[in-house]
Amino acid sequence: MRKNIVKVELGKICNYSKGKKPKVLTKEYSEKTPFPYVNIKAFEHGVFDEYTDGDKCNLCEDGDLLMVWDGARAGFTGKAKKGAVGSTLMKIEAKEGIEKNYLFYFLLSLYKKLNTNPRGVGIPHVEPSLLWTSELIIRSIQEQRAIVQKIENLFALLDKGIADLKTAQEQLKIYRQAVLKKAFEGEFTNNVKENELPEGWKWVKLKEVITNVEYGTSSKSSNSGSVPVLRMGNIKNGTIDWNDLKFTDDIREINQFKLKYNDVLFNRTNSPEHVGKTAIYKSNRDAIFAGYLIRINYLHEKINPDFLTYYLNSHHAKQYGNLVKSFGVNQSNINGAKLKTYPLPLPRSLSEQHTIVREIESRLSVCDKVEQSISESLEKAEALRQSILKNAFEGKLLSQEEITKCRQEADYEPASVLMERIRKENKHGK
């Protein structure tokens with residue numbers, strides 16, 4: 001009896017071969033080493049920085065399907081650029097009668113399952129039995145192509161929506177900086193002239209409104225412990241992000257570096273675009289801070305800590321930071337001495353600083369809500385992508401009318417016939 005759909009294990013409808021580390025590997029392209037080596041960097045970002053002669057390599061062509069086999073992204077599938085398959089990748093090829101992109105999207109749908117159920121300890125690996133015994137529904141080549149087309153149309157709409165959301169995110173960043181620019185030019189409390197400070201304001205150096213700056217702990221932190229150690233990644237949008245924490249149980253360090261409510265933390269070392277980001281600590285939770293951060297011990301009678309935090313995150317402060325920062329390998333640094341030289345527009349009184357902070361927060365609170373909504377929408381978009389793939393391989397994406405149209409094509413071949421041919425090929429080792 002001919003069947004229009006057949007459920008089959010993945011390993012029976014594809015060929016697969018692991019990548020290899022070449023004996024000859026160089027940083028330069030030449031006539032002797034003309035094959036780009038498709039390592040993880042090349043595979044994920046299209047950046048080729050190694051080449052080989054191709055001898056005893058597993059070669060791939062543009063568009064071949066590769067899966068990350070080892071590492072944090074184990075189980076992720078993408079399309080290759082022509083070259084030699086890297087040792088941490090697996091090449092997967094669909095057998096005749098299986099649409100390559102049908103296989104590709106099925107492999108994409110397996111990513112979460114494979115990535116969260118790795119094999120071994122240390123460096124994670126794809127669990128082979130979990131992958132190759134995964135079952136998918138095989139349909140006629142016409143239905144496979146129709147499903148691929150439907151997926152790609154839906155993904156195109158989804159990608160357009162995601163692009164619009166990311167554009168809105170960038171616009172919010174511009175809006176935040178516009179709010180801070182107006183605030184520190186005095187527009188929220190004064191009638192000001194362009195490029196002039198309001199009457200009674202003055203430029204001071206940061207050292208005039210602080211007692212000292214204090215570097216955090218240089219000791220190695222742990223994955224567990226009684227007290228969190230805040231690091232540069234925990235500073236986001238002027239506040240503390242309590243995700244991805246490290247910890248300590250060292251009582252001496254806890255006493256020395258314990259944070260107090262309204263402490264201001266400055267990120268002294270980071271990538272060039274992130275060095276200098278600043279956050280205010282508004283929590284009663286015990287925590288200390290790591291060595292890449294500086295605690296700014298300010299004079300309470302001279303400066304409002306929120307005013308200081310907002311200013312150090314402003315475009316004007318970042319411009320000054322760009323002038324004084326030093327550069328290392330992929331990182332920049334602004335030490336405590338340079339931090340003390342930051343120019344700061346100081347209003348007439350603490351009362352005026354409080355007013356400016358309230359005006360900033362009334363505007364940015366709206367911005368925060370919009371940004372939260374965008375973040376939630378982006379998460380939903382990714383969930384929707386997975387839902388599209390799930391529906392595709394559960395037979396729920398095509399309408400009955402679309403399926404009927406596929407089965408009326410002149411060269412239509414039921415899935416059972418297609419699979420019988422593949423079984424014969426497998427038997428003969430093809």
Side-chain angles (χ1 to χ4, degrees), residues 8-115 118-119 123-134 136 138 141 144-145 147-148 151-152 155 389 393 422 425-426 428-430:
V8 63
E9 290 183 351
L10 173 65
K12 295 179 179 178
I13 54 89
C14 62
N15 297 316
Y16 44 92
S17 53
K18 191 82 159 52
K20 299 177 182 178
K21 186 84 172 190
K23 288 184 178 180
V24 177
L25 202 58
T26 177
K27 294 290 184 183
E28 301 294 331
Y29 169 87
S30 70
E31 289 185 2
K32 291 184 178 180
T33 54
F35 295 96
Y37 182 59
V38 187
N39 54 26
I40 289 291
K41 183 178 179 181
F43 175 59
E44 293 195 334
H45 305 292
V47 178
F48 292 92
D49 54 11
E50 293 180 299
Y51 298 86
T52 183
D53 58 2
D55 184 42
K56 297 180 180 178
C57 290
N58 187 357
L59 300 179
C60 58
E61 299 294 328
D62 288 345
D64 280 354
L65 305 185
L66 300 182
M67 177 180 284
V68 179
W69 201 255
D70 310 299
R73 294 270 276 166
F76 176 75
T77 303
K79 294 186 177 180
K81 294 293 185 182
K82 185 175 181 178
V85 182
S87 59
T88 60
L89 300 171
M90 177 75 75
K91 181 167 75 169
I92 303 176
E93 300 173 280
K95 294 197 172 181
E96 187 179 352
I98 306 299
E99 171 69 22
K100 181 169 72 173
N101 283 329
Y102 187 76
L103 176 60
F104 170 63
Y105 287 118
F106 179 70
L107 293 172
L108 278 185
S109 75
L110 296 178
Y111 174 61
K112 186 175 180 180
K113 180 174 80 169
L114 297 174
N115 190 255
R119 180 183 184 183
I123 298 175
H125 312 276
V126 171
E127 170 55 65
S129 63
L130 190 64
L131 173 61
W132 305 125
T133 61
S134 295
L136 75 158
I138 297 300
I141 193 69
Q144 291 178 43
R145 288 169 181 164
I147 288 170
V148 166
I151 290 172
E152 292 180 345
F155 275 14
L389 292 175
F393 296 104
I422 290 176
E425 290 173 359
N426 290 340
H428 291 93
K430 293 183 180 180

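Counting from 1, the numbers follow the sequence of the chain as shown.
- At least one side-chain heavy atom of V68 sits under 4.5 Å from a side-chain heavy atom of L89.
- A side-chain contact (heavy atoms from CB on, under 4.5 Å) with V85 holds for exactly one of L59, D64, N58; it is N58.
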Between Y16 and W132, does the side chain to side chain contact (heavy atoms under 4.5 Å, CB included) criterion hold? Intermediate values first, please. CA-CA 10 Å; Y16 44 92; W132 305 125; 3.3 Å; yes
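- Heavy atoms only, all atoms of each residue included: P22 and Y37 are closest at CD-CE1, 3.4 Å.
- Atom NZ of K56 is separated from atom NZ of K20 by 8.5 Å, given to the nearest 0.5 angstrom.
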With side chain to side chain contact (heavy atoms under 4.5 Å, CB included) as the test, would you mind laying out the steps for T88 and R73 before giving the verdict? CA-CA 10 Å; T88 60; R73 294 270 276 166; over 6 Å; no
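- Of all heavy-atom pairs spanning F43 and K79, the tightest one is CE1-N, 4.1 Å.
- Between P124 and A74 the shortest heavy-atom distance is O-CB, 4.3 Å.
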Is there a side-chain hydrogen bond (donor to acceptor under 3.5 Å, both in side chains) between E50 and T52 once you walk through the steps? CA-CA 7 Å; E50 293 180 299; T52 183; over 6 Å; no
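- The minimum heavy-atom distance between G75 and V126, with the atom names listed, is N-CG2, 3.5 Å.
- Partners of E152 according to the salt bridge (charged side-chain N to carboxylate O under 4.0 Å, His left out) rule, which considers only residues two or more places apart in sequence or in another chain, do not exist here.
- A donor-acceptor pair under 3.5 Å links the side-chain atoms of K18 to the main chain of S87, judged by distance alone.
- Side-chain contact between L103 and Q144 is absent, with no heavy atoms from C-beta onward closer than 4.5 Å.
- Interatomic distance, CG of L10 versus CG of L107, reported as 6.0 Å (0.5 Å rounding).
- The distance from atom CD1 of I138 to atom OH of Y102, rounded to the nearest 0.5 Å, is 5.5 Å.
- Within the 3.5 Å criterion, the main-chain N or O of H125 finds no donor-acceptor partner in the side chain of D70.
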Would you sort out whether D55 and V24 count as a side chain to side chain contact (heavy atoms under 4.5 Å, CB included), showing the intermediate values? CA-CA 8 Å; D55 184 42; V24 177; over 6 Å; no
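- Here the straight-line distance linking atom CD of E93 with atom SG of C14 works out to 9.5 Å at 0.5 Å rounding.
- Between the side chain of N101 and the backbone N or O of F104 there is no donor-acceptor pair closer than 3.5 Å.
- With contacts defined as side-chain heavy-atom distances shorter than 4.5 Å, the pair T77/L110 does not qualify.
- For L25, the CG atom sits in a packed shell: over 12 heavy atoms of surrounding residues, nucleotides or ligands are nearer than 6.0 Å.
- Under a cut-off of 6.0 angstrom, the local environment of NZ in K113 is crowded, with over 12 non-hydrogen atoms contributed by other residues, nucleotides or ligands.
- Counting only heavy atoms from C-beta outward, the side chains of W69 and L131 approach each other to under 4.5 Å.
- E44 CD to N39 CG: the interatomic distance, rounded to the nearest 0.5 Å, is 10.0 Å.
- Taking every heavy atom of both residues into account, K100 and L65 meet most closely at O-CD1, 3.8 Å.
- Judged by distance alone, with hydrogens and angles left aside, the side-chain atoms of K81 form no donor-acceptor pair with the main-chain N or O of P36 at under 3.5 Å.
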Could you go through V148 and E99, starting from their C-alpha distance and side-chain angles, then the distance that decides it, and tell me whether this counts as side chain to side chain contact (heavy atoms under 4.5 Å, CB included)? CA-CA 9 Å; V148 166; E99 171 69 22; 4.2 Å; yes
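- Within the 4.5 Å cutoff, the side chain of K41 has heavy atoms near those of the D49 side chain.
- In this structure, the side chains of I13 and L136 come closer than 4.5 Å at one or more pairs of heavy atoms.
- Residue S109 comes nearest to F393 through the heavy atom pair OG-CD1, 4.2 Å, listed as atom of the first residue, atom of the second, then distance.
- Between E28 and T33 there is no side-chain heavy-atom pair separated by less than 4.5 Å.
- In this view, T26 satisfies the side-chain hydrogen bond (donor to acceptor under 3.5 Å, both in side chains) rule with no residue, not counting sequence neighbours.
- By the 4.5 Å heavy-atom criterion applied to side chains, C60 and F35 are not counted as neighbours.
- To the nearest 0.5 angstrom, F106 atom CZ is 5.5 Å from S134 atom OG.
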